[in-house]
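In the text below, chain A, chain B and the rest are named by the order of the sequence lines, each starting its count at 1.
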Amino acid sequence: MSAATQRRRWTRVPVLVALVALTVVFVYPLVWLLSASLKPRAEIFDNRLIPRHPTLENYLTVWESAPLALWLGNTLVVTALAATAVTVSSALVAWGFAHYRFRGRGPLFGLVLATMMLPGAVTLIPTYLIWHQLGFVGTHVPLWAQNLFASAFYVFLLRQFFLSLPREPFEAARLDGASEWKLFWLVAVPLCRPALVLTFLFEAQASWTDLMRPLVYLQDTSTFTVPRGLKAVIDQFGPGGESQWEVVVTASVITTVPMILLFFAGQRYFVQGIATTGSKG
Amino acid sequence: MGREAVTSPRPSARARRERNAGLAFISPWIFGFLVFTAWPIIYSAYLSLTDYDVLTDPSFVGLENYERMVQDPQVRLALWNTLQYTLLQVPLYVVVALALALLLHQAGRASGFFRTAFFVPKMTPPVAVGVLLLLLFNGEYGLVNEALGALGIDGPSWTTDPDWIKPGLALVSLWSVGAAVVILLAALQDVPVELYDAARVDGAGWWRRTRTVTLPMISGALFFVTVVNTIAAFQMFTEAYSAYFGAGNSTYANDAALFYVIYLFREGFAELHMGYASALAWLLFVVIMLVTAVQLLVSRKLVYYEGEQR
């Protein structure tokens, strides 16, 4: 081992110490939240990591004071529909843009990119009026149905993956008489499975954590998703309401835990996928 | 039949087949674009010239909404709040993301573990981030001020003092810096090692290597992170809304946390001023487009792109 590499190894020690300290800073709030949910009301703000009198009572209280099971079920259905719809439709569209040459393809793809820059607030009101006109306000449909028509960001992402596939296998299969649909479904899709999983995971997170759309479209408590429900819990038990922080904290944990699980289930897709977003963007 | 079409050179038939297939595959997007993008844009332009409360038909009022907008003190407040927040949050966010990425890049094989640790908080739903903001940044009992107190600093009332509301929100936004860190780290890992070796041979220290090699080489990713985050900061909604607005009477910090999209949302869906809210949306659109255009112009000078081909 040369002196230089040895020196480099030693300079790594302060770097690692700094990283460990930062990791504590980043993870601590999550641990704090979980720990607070296990404390009786009087001890929430004692900021101890290990609860002095650990209890599951807050979970029982939350379960009784808010229809959490219903909200979790609603969110699960909406999230599954939203993520599945966007993955399938965006894959179709991305394949259309990546594999086929036709007049107007360039300008149309330019439009796809342009819509990515469009602030969501601009279309918020007219989109609401469309769903209002169709009679879907108050239902879950507006929370996922738009995903049937692909989403610009995922089209962009998936197109990059489809472009990296060699063309020869497709030409060969075409000579064998395979239909275009079969080429897509049986050849292209299996080859790009990681990108499709990534799309599903991204959208699942976006859909699960969204507050804006549930605020706009859902009125009846029984239709709420968990973030919308959590907002209702904050309003009722938070600073403007009864100041029962233990209820708010526990509901926050219940809203967050599924996302942490989703992350660990798809960890390598998340991290690698986001890395490619930036370098290809 | 397919075999014949290929062997006998009839390019027009083949081209037609290819076009039809391509259009068929992108048809969901075409439909979605027309119904959920093009139409809403046109319709919202029309609505912005009307008075509309959903219950009765829109009535045409000309430029009245825009005139009202110019005079509305709430619009000025919301724009000013949003601008202040953006100017505070974006540089802070990008600098912290860059610092963390540089640090991770030095960590060698251990970087994977830390990358995960920085990323996990990003999974937290923004509503829950709003809750954490209220609790951890609580002026009297919060963990943040307790930590500052241990360092001998008397922490401010982050969640109730109007002057500290925006810094509090900007700080809490750093908690989800993980995605930006991952993007920048990937860019750092793409920088060819030879460039560093060459710089080292020339006697460049860490700071000079960073300034003359690293930053130019990752300027594309830095630009991406900056633009995306600026657009997001201009549309700040969920964290501020869940912490400071709602059905309850929690109005103590409302003025300082009245961001533009929150005002738009309340005008549209609480007050049912759909016409006015549409005009507000157009102003936001123009502002964001202008800011993005300026950033693009600046980036022409500052961003270095490798001659990469797609």
Side-chain angles (χ1 to χ4, degrees), chain A residues 12 15-16 18-19 23 26-27 29-30 32-33 45 47 89 92-93 95-97 100-102 111 115 117 119 121-123 125-127 146 148-150 155 174-175 177 180 205 209 211-212 216 227 230-231 234-235 239-241 248 252 255-256 259-260 263 267 271 274-275 277-279 281, chain B residues 2-3 6 18-19 21-22 25-26 28-29 31-32 36-37 40 43-44 103 106-108 114-115 117-121 123-128 131-132 136 141 143 146 179 182-183 186-187 190 221 224 235 237-238 242 246-250 261 264 268-269 274 277-278 281 284-285 288 292:
Chain A
R12 202 163 274 177
V15 169
L16 288 178
L19 282 171
T23 299
F26 270 83
V27 177
L30 282 176
W32 186 94
L33 195 68
F45 278 108
N47 292 331
S89 60
L92 285 167
V93 174
W95 178 244
F97 277 117
Y100 300 99
R101 278 158 299 200
F102 50 91
L111 262 184
T115 59
M117 305 289 278
V122 176
T123 53
I125 285 165
T127 308
Q146 236 176 296
L148 288 170
F149 309 110
V155 171
R174 203 167 274 134
L175 287 178
E180 299 300 323
Q205 191 216 0
T209 60
L211 176 68
M212 177 71 103
V216 169
L230 176 57
K231 179 59 185 141
I234 299 173
D235 289 343
V248 179
S252 302
T255 311
T256 306
M259 287 299 95
I260 307 290
F263 173 75
Q267 191 178 342
V271 173
I274 287 171
T277 321
S279 60
Chain B
R3 190 176 289 270
V6 173
E18 183 154 357
R19 184 199 61 197
F25 275 107
I26 68 167
W29 176 77
F31 180 84
F36 292 107
T37 305
Y43 193 47
S44 112
L103 208 55
Q106 301 288 313
F114 294 111
R115 195 174 57 171
F118 294 162
F119 190 84
V120 172
M123 299 302 289
T124 314
V127 193
V131 170
L132 278 169
L136 297 180
Y141 322 102
L143 184 66
E146 196 174 290
V182 169
I183 289 174
D190 279 350
F224 176 80
Q235 297 185 81
F237 177 80
T238 306
S242 27
N249 50 354
S250 52
V261 175
L264 193 162
F269 296 101
M274 293 283 181
S278 298
L284 178 69
F285 182 45
I288 290 182
T292 310

Asks: Using the side-chain hydrogen bond (donor to acceptor under 3.5 Å, both in side chains) criterion, which residues pair with A/Thr255? Sequence neighbours excluded.
Replies: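 Per chain and number, A/Thr255 pairs via side-chain hydrogen bond (donor to acceptor under 3.5 Å, both in side chains) with no residue.
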Asks: Find the distance between CD (B/Glu146) and CG (B/Leu136) and round it off to the nearest 0.5 Å.
Replies: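 One finds 11.0 Å between CD of B/Glu146 and CG of B/Leu136.
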Asks: Please classify the contact between B/Phe237 and chain A as side chain, backbone, both or neither, with a heavy-atom cut-off of under 4.5 Å.
Replies: side chain
Asks: With a 4.5 angstrom heavy-atom cut-off, could you sort out which part of B/Ser242 is near chain A: side chain, backbone, both or neither?
Replies: both
Asks: For the interface with chain A, which of B/Met123, B/Arg19, B/Arg115 has the highest count of heavy-atom pairs at distances below 4.5 Å?
Replies: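 It is B/Met123.
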Asks: Please flag which part of B/Leu103 lies under 4.5 Å from any non-hydrogen atom of chain A: side chain, backbone, both or neither.
Replies: both
Asks: Where on A/Leu111 is there a heavy atom nearer than 4.5 Å to chain B: the side chain, the backbone, both, or neither?
Replies: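 Looking at A/Leu111, backbone and side chain both touch chain B.
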Asks: To the nearest 0.5 Å, tell me how far A/Gln205 CD sits from A/Met259 CE.
Replies: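 Here the interatomic distance stands at 7.0 Å.
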Asks: Using heavy-atom distances under 4.5 Å, tell me whether A/Thr115 contacts chain B through its side chain, its backbone, both, or neither.
Replies: side chain
Asks: Checking A/Ile234 against chain B: side chain, backbone, both or neither under 4.5 Å from a heavy atom?
Replies: side chain
Asks: Ignoring hydrogens and geometry, is there a side-chain-to-backbone donor-acceptor pair from A/Ser89 to A/Ala150 under 3.5 Å?
Replies: yes
Asks: Chain A heavy atoms under 4.5 Å from B/Gln235: which part of the residue, side chain, backbone, both or neither?
Replies: side chain
Asks: Evaluate the ring planes of B/Phe31 and A/Phe149, with Trp represented by its six-membered ring, and classify them as parallel (under 30°), tilted (30 to 60°) or perpendicular (over 60°).
Replies: tilted
Asks: Could you tell me which portion of B/Phe36 (side chain, backbone, both or neither) has an atom closer than 4.5 angstrom to a non-hydrogen atom of chain A?
Replies: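 For B/Phe36, heavy atoms of backbone and side chain both lie under 4.5 Å from chain A.
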Asks: Taking side-chain hydrogen bond (donor to acceptor under 3.5 Å, both in side chains) as the definition, give me every residue that meets it alongside A/Tyr100, ordered by chain and number, with sequence neighbours left out.
Replies: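 So A/Tyr100 forms a side-chain hydrogen bond (donor to acceptor under 3.5 Å, both in side chains) with A/Glu180.
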Asks: With only heavy atoms counted, which part of B/Phe285 is less than 4.5 Å from chain A, the side chain, the backbone, both or neither?
Replies: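 Both backbone and side chain.
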Asks: Against chain A, label B/Val182 side chain, backbone, both or neither, depending on which of its atoms sit under 4.5 Å from a heavy atom there.
Replies: both
